[in-house]
Amino acid sequence: MKSADQKSYQRLLVTSALPYANGPIHLGHLAGAYLPADVYVRYQRARKRDVIFICGTDEHGVPISIIAEKAGITPQQLVDRFWADHFDTFSRFGISFDNFSRTSAAIHHQTAKEFFKVIYDKNYLVERTIQQFYCTSCNRFLADRFVEGTCPHCKQAGARGDQCETCGSSLEQTELIDPYCKVCGRTPVLRETRHLFIKLNEFQQKLETWLKGKKHWKKNVLKYCRGWFKKGLGERAVTRDLSWGIPVPVEGYEDKVIYVWFEAPIGYISATKEWADKIGQPDRWQDYWCRDDTQLVHFIGKDNIVFHAVIWPAMLMGHGQFVLPAEIPANEFLNIHGEKLSTSRNYAVWLGEYLEQFPPDPLRYYLSVNAPETKDADFTWEEFQQRNNSELADILGNFVNRTLTFARKQYAGRVPPCHDLDALDESMLADLKQAPEKIGQLFEQFELRKAAYALIDVARTANKYFNDQEPWRSVRENPQKGQTTIHICIQVVKTLTVLMAPILPFSAEKVWKMLGLADDVHEQPWDGCGERPLSAGHELGLEEILFKKIEDKQVQPEIDRLRSILAEDKGQTMSSGENQKRKQAPGIVYDDFARVELRVARVVSAARVEKTDKLMQLKIDLGGEERQIVAGIAQHYQPDELIGRQIVVVANLQPAIVRGIESKGMLLAAEDADGKLALLTLDRPAADGAKIK
RNA sequence: GGCGGCGUAGCUCAGCUGGUCAGAGCAGUGGAAUCAUAAUCCACGUGUCCGGGGUUCGAAUCCCUGCGCCGCUACCA
């Protein structure tokens with residue numbers, strides 16, 4: 001980050017990940033993508049840089065249509081509700097977007113279609129036919145989440161087509177046992193459908209080269225990308241059979257929509273266009289998107305890394321006319337009391353609920369000083385309370401308070417004059433002078449934790465200065481010294497106010513008023529803010545308590561609520577402890593073995609699966625029944641040496657799709673320590689399909 | 001199964017490319033002070049830096065290995 005060429009760019013375009021409009025905003029969202037971005041933007045504004053902050057809701061896609069359907073409203077009604085909810089929550093937390101748009105906006109539909117068309121016209125898309133479940137009664141293809149069934153792994157009913165909530169394994173919709181349509185409950189049929197895929201592989205080289213130039217990026221970002229490159233980028237569907245979304249602007253695809261993952265990030269561009277329209281300079285958006293000297297900064301959570309650092313840049317490269325991300329400060333996750341957030345279990349802290357009890361700044365501070373920068377962080381109400389009380393209230397707030405109270409009582413609420421400086425005064429002023437530079441550096445490098453800490457540290461130093469100078473004593477024994485001390489303390493308060501504004505915007509406004517200043521604290525220049533004292537005689541405003549202490553009884557109900565959710569879950573895993581018992585048992589019972597249907601099969605044909613190292617596609621004869629299986633033995637056997645042989649297969653294994661090929665069964669082989677495979681065969685011939693016991 | 005991360009004082013964590021790196025905050029103990037939100041300031045930490053090997057003049061920091069958590073992802077033994 002140190003190398004971030006701060007001089008070479010002229011303007012900053014900062015974005016936060018587009019929140020999905022299917023539920024309210026919780027702590028994790030705020031800590032990962034919104035608060036760090038807002039603090040950064042506020043800081044940059046104070047540096048008087050040309051910066052805009054863009055965001056908006058992501059409103060298309062399957063989950064939204066499902067939720068809307070269940071609630072008996074239209075998707076549009078649903079996203080209208082959540083757009084308003086998000087907008088309101090962010091405003092109340094002081095997240096200072098220049099524009100908070102939405103992907104259902106007309107300008108986005110238009111922008112996304114144009115973008116799509118460019119990619120299409122440049123031949124980066126290719127048509128593929130795939131198999132997908134189709135519900136004949138609803139008359140539509142079922143997206144992964146629209147199909148439910150029994151999980152092939154844990155056998156729990158109610159698993160979704162993309163993932164089983166119970167055991168957490170990710171699924172292909174075709175793996176589900178007894179699949180049914182989530183909407184009407186009927187059994188769907190497999191049907192072919194055409195889709196357009198983007199050939200991401202064509203961008204891999206360019207992307208790798210580009211990313212090599214990003215040495216200062218966070219390690220976690222680079223590592224995730226490296227992993228993807230190692231595997232190699234493949235093709236990715238960019239269209240879907242769905243009605244809620246942006247129609248594909250290509251002939252023959254009118255009844256399909258652009259896949260949300262493709263269309264949503266284009267929202268960054270549309271939202272910038274909308275911003276330009278709103279300020280009455282419709283072409284301004286191009287300054288930010290089409291000029292090389294723009295620094296594009298995407299704040300995201302780690303779940304979005306590969307997307308923003310690989311796929312989205314590939315799209316931008318494909319399009320060709322827009323800037324690429326310059327910085328991707330990705331944050332890790334925030335746990336709550338040691339456990340992962342879970343919206344479905346309501347194990348979360350919702351921001352709306354937080355605001356019913358507490359002001360925004362204490363949370364902004366706590367999430368800054370405890371930001372999930374390099375690893376997952378943990379939120380606890382106890383620590384939140386403790387940090388509010390001891391750092392914001394006792395150290396920062398109390399310093400402001402003792403200074404202003406002192407000035408009001410001793411100097412009639414006016415700034416006393418400054419006289420000769422002693423060593424302590426000099427030292428305090430020196431610290432003040434370098435504070436903006438020091439904290440600014442940290443903001444610049446996305447080191448929010450350290451910046452928040454450094455801010456409180458200024459107040460710590462100031463408290464020590466106050467103590468050491470003992471103005472309550474010098475006011476009697478050496479009036480000039482007392483005046484000088486308080487004069488400087490007021491200068492500290494003023495500086496602190498500017499320095500705290502990015503993290504604690506609401507509190508900064510309060511202090512600014514207490515100082516008797518009428519202009520806007522957020523307009524104050526950061527540079528040199530440690531060296532601009534209030535002049536002697538300036539009349540101060542009325543001080544008030546900046547940060548209230550948070551009492552145990554205020555956080556206790558929240559703690560209890562979270563605990564009870566955890567306790568409930570534990571109870572459930574206990575009661576479904578059948579699995580655990582089985583795990584503890586030293587062996588399996590006969591019935592367990594009997595469930596595995598092993599049979600003799602004759603290999604009818606064999607062929608390597610293209611573009612794979614290990615896979616071979618086999619047709620086998622199970623005594624009248626012919627099947628296709630996929631086996632990972634290509635590195636050990638040639639197709640020719642398998643044809644005609646009798647092998648052993650698990651006949652009742654759940655079918656699976658491996659690299660797009662259905663596999664109905666699994667052959668058996670022995671693996672030695674080197675990883676060499678030896679196929680199981682028969683000692684003497686038996687009938688094809690014979691059972692093995 | 002593969003890839004990646006993490007494991008440092010009672011708690012939460014800093015410690016980048018190896019040599020004042022054994023640290024900070026909180027909690028705890030003692031003291032100073034009393035302007036202030038019963039706030040502030042000062043002093044005090046003998047921790048097997050997860051275990052075991054190795055490289056090195058020297059490792060919490062690099063390599064190997066074991067254990068324990070966690071994340072991502074699978075090409076069906």
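Here is how names work: the chains are called A, B, and so on, in the same order as the sequence lines, proteins then strands, and each is numbered from 1.
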Distance from A/Gln491 atom CD to A/Leu496 atom CG, nearest 0.5 Å? 11.0 Å

State the pairing partner of B/G45; accept Watson-Crick or G-U wobble contacts with both distances under 3.5 Å, and report none otherwise. none

Please work out which of the three classes, parallel, tilted or perpendicular, describes the rings of A/His26 and A/His29, given edges at 30° and 60°. parallel

Check: A/Phe446 ring centroid to A/Phe299 ring centroid under 6.0 Å: yes

In whole angstrom, give the distance that lies between atom CG of A/Asp303 and atom P of B/G4. 21 Å

In this structure, how many angstroms lie between the C1' atom of B/C42 and the CG atom of A/Leu424, rounded? 14 Å

For the residue pair A/Arg602 and A/Ile620, establish whether any side-chain heavy-atom pair is separated by less than 4.5 Å. no

For B/C21, give its Watson-Crick or G-U wobble partner with both distances under 3.5 Å, or none. none

Using a cut-off of 4.0 Å between protein heavy atoms and nucleotide atoms, how would you tag nucleotides 29-39 of chain B 5' to 3' with B, S and -? ----SSBBB-S

Under 3.5 Å for both donor-acceptor distances, Watson-Crick or wobble: does B/U40 have a partner, and if so which one? B/A32

Considering only atom P, compute the distance from B/C44 to B/G25 and round it to an integer number of Å. 12 Å

If the C1' atom of B/U56 is compared with that of B/A9, how far apart are they to the nearest Å? 29 Å

Give the rounded distance in Å between these two atoms: CD1 of A/Ile456 and P of B/A24. 19 Å

Before accepting this row, confirm whether a basic side-chain N of the pair A/Asp376/A/Lys302 lies closer than 4.0 Å to the acidic partner's carboxylate O. yes

What does A/Glu332 touch in the nucleic acid at a heavy-atom separation under 4.0 angstrom: a base, only the sugar-phosphate, or nothing? nothing

Smallest separation among heavy atoms of A/His487 and A/Cys418, with atom names: CD2-CB, 3.5 Å

Check whether A/Gln554 reaches the backbone of A/Glu551 with its side chain - one donor and one acceptor, N or O, closer than 3.5 Å. yes

Distance check needed: B/C16 C1' versus A/Gln445 CD, whole Å only. 12 Å

Atom-to-atom span, CG of A/Asn335 to C1' of B/C6 - whole angstrom: 13 Å

When both hydrogen-bonding distances must be under 3.5 Å and the geometry is Watson-Crick or G-U wobble, what is B/G4 paired with, if anything? B/C70

Can you confirm whether the side chains of A/Tyr411 and A/Gln483 place a donor and an acceptor under 3.5 Å from each other? no

B/G71 P sits how many Å from A/Leu341 CG, rounded? 13 Å

Between B/G54 and B/G15, how far apart are the two P atoms, rounded to whole Å? 30 Å

Any side-chain heavy atom of A/Val349 within less than 4.5 Å of one from A/Phe379? yes

Below 4.5 Å, heavy atoms only, C-beta onward: do A/Cys489 and A/Tyr465 meet side chain to side chain? yes

P-based separation of B/G68 from B/G51 [nearest Å]: 15 Å

Between B/C26 and B/C41, how far is it from one P atom to the other, in whole Å? 9 Å

Checking side-chain hydrogen bond (donor to acceptor under 3.5 Å, both in side chains) for the pair A/Glu339/A/Tyr347: CA distance, chi angles, key distance, verdict? CA-CA 9 Å; A/Glu339 298 284 329; A/Tyr347 189 78; 5.9 Å; no

Measure all distances between protein nitrogen or oxygen atoms and nitrogen or oxygen atoms of nucleotides 8-15 of chain B, and list the pairs falling under 3.5 Å.
from  : atom 1 : to       : atom 2 : distance (Å)
B/A14 : OP2    : A/Lys375 : NZ     : 3.0

Give the rounded distance in Å between these two atoms: CD of A/Glu391 and P of B/C26. 7 Å

Give me the distance, rounded to whole Å, that separates B/U40 from B/U46 when you measure between the C1' atoms they each carry. 31 Å

Quickly work out the A/Arg460 CZ to B/A24 P distance and round it to whole Å. 12 Å

Separation between CD1 (A/Ile439) and NZ (A/Lys450), nearest 0.5 Å, reads 14.0 Å

Between B/U65 and B/C3, how far apart are the two P atoms, rounded to whole Å? 11 Å

C1'-based separation of B/C62 from B/G19 [nearest Å]: 14 Å

Of the residues in residues 305-314 of chain A, which ones touch RNA chain B at a heavy-atom distance under 4.0 Å? none

Pick one: which of A/Leu396, A/Asn401, A/Val400 meets side chain to side chain contact (heavy atoms under 4.5 Å, CB included) with A/Phe547? A/Leu396

